[in-house]
Amino acid sequence: MKKLLYIILFGLLFLSGCEKKTSDIAPAKLYEMDGESTYSGVSPGDGKKEFIDAYQDYAIQVAYNDSVSNYLVMSIRKIPYEDSISTMIANFFINGKPVSEEELCEQNKIEPEQLHSLLSSSEYLRSHEVIYRYLRFKWEDGAIQKIESEELNYNETFETPYVET
């Protein structure tokens, strides 16, 4: 009996250490909208629970409407949903594949401060299709007021077409 108890306790300890990691890489389908609802089923009027259930696996950025702070990465469970804020899930897509800013810097052997220069350079844009996609949620009094899904095509913005080789 004691042996079985030890096996169960060991199993519980082992499983409690296997926590699901947050993935900063959101797939392209995450940014699709069906009317006012997101691909994940979140709609205006939904609150914290629906938002966390749908997006807990992604990095969430938060901006306060009364602040000049840009968007800051924040834990999804610590976001002050009752405040007047905007939350955003964003990703770069290089040649159609999602990639994090950290991966872009690592792959190109650059520092984060150099990322904008890289992604806006004619040389890089000629050989890469660069698209920045994001979902933005505007919050008031604990409820989502508005959801926007948008993208910025760097090749169009910097007038440098991607040339497949």
### Task
Over all heavy atoms of both residues, which pair between A26 and N91 is shortest? Give the atoms and the distance, please.
N-OD1, 3.2 Å
### Query
Using a distance-only test with no angle check, is there a side-chain donor-acceptor pair under 3.5 angstrom linking Y71 and S86?
yes
### Message
Nearest 0.5 angstrom please: Y134 OH to E151 CD, how far?
### Response
9.5 Å
#### Entry: Cluster check M74, Y58: I/L/V/M/F/W/Y, side chain < 4.5 angstrom
yes
### Task
Return the minimal non-hydrogen interatomic distance between P112 and C105, and the atom names on each side.
CA-SG, 3.7 Å
### Task
Take atom OH of Y39 as the centre, draw a 6.0 Å sphere, and report whether it contains more than 12 heavy atoms from other residues, nucleotides or ligands.
no
### Message
Using side-chain heavy atoms (C-beta onward) and a distance below 4.5 Å, is Y55 in contact with V42?
### Response
yes
### Query
Angle class for the F51/Y81 ring planes (parallel below 30°, perpendicular above 60°, tilted otherwise)?
perpendicular
#### Entry: E32 atom CD: more than 12 heavy-atom contacts under 6.0 Å
yes
### Query
Do V73 and I60 come close enough that some side-chain heavy atom pair is under 4.5 Å?
no
### Query
Are any non-hydrogen side-chain atoms of E123 and T160 less than 4.5 angstrom apart?
no
### Message
To the closest 0.5 Å, what do you measure between CD1 (I79) and CD (Q61)?
### Response
10.5 Å
### Message
If I take atom CD from residue E111 and atom CG from residue L118, how far apart are they, to the nearest 0.5 angstrom?
### Response
13.0 Å
### Summary
OG1 (T157) and CG (L152) are apart, to the nearest 0.5 Å, by 4.0 Å
### Task
Please report the closest heavy-atom contact between R133 and A28, naming both atoms and the distance.
NH1-CB, 4.0 Å
### Task
Return the minimal non-hydrogen interatomic distance between H116 and F158, and the atom names on each side.
CE1-CZ, 4.0 Å
### Query
Within a radius of less than 6.0 Å around CD of E159, do more than 12 heavy atoms belonging to other residues, nucleotides or ligands occur?
no
### Message
Does Q145, at its CD atom, have more than 12 non-hydrogen atoms belonging to other residues, nucleotides or ligands within less than 6.0 Å?
### Response
yes
#### Entry: From I85 atom CD1 to K138 atom NZ, the distance as rounded to the nearest 0.5 Å
12.0 Å
### Task
Compare all side-chain heavy atoms of V99 with those of Q107 and state whether any distance is below 4.5 angstrom.
yes
### Message
Go through it in stages, so that I can follow the logic: the residues are M33 and E148, the test is side-chain contact (heavy atoms from CB on, under 4.5 Å), and I'd like the CA-CA distance, side-chain angles, deciding distance and then a yes or no.
### Response
CA-CA 9 Å; M33 298 281 293; E148 299 167 305; over 6 Å; no
### Query
Under 4.5 Å between any side-chain heavy atoms of Y31 and F93, yes or no?
yes
### Query
Can you name the nearest heavy-atom pair linking I147 to I144, along with the distance?
CG1-CG2, 3.6 Å
### Message
Within this structure, what is the OG-CG distance for the pair S121 and L119, rounded to the nearest 0.5 Å?
### Response
7.5 Å
### Closest contact, heavy atoms only, P98 versus I25
CB-CG2, 3.3 Å
### Query
So do the side chains of P161 and N155 get within less than 4.5 Å of each other, counting heavy atoms only?
no
### Query
Are side-chain heavy atoms of S117 and Y124 found at a separation under 4.5 Å?
no
### Query
Any side-chain heavy atom of I131 sitting closer than 4.5 Å to one from Y154?
no
### Query
Taking the side chain from S40 and the backbone from T38, do they hold a donor-acceptor pair closer than 3.5 Å?
no
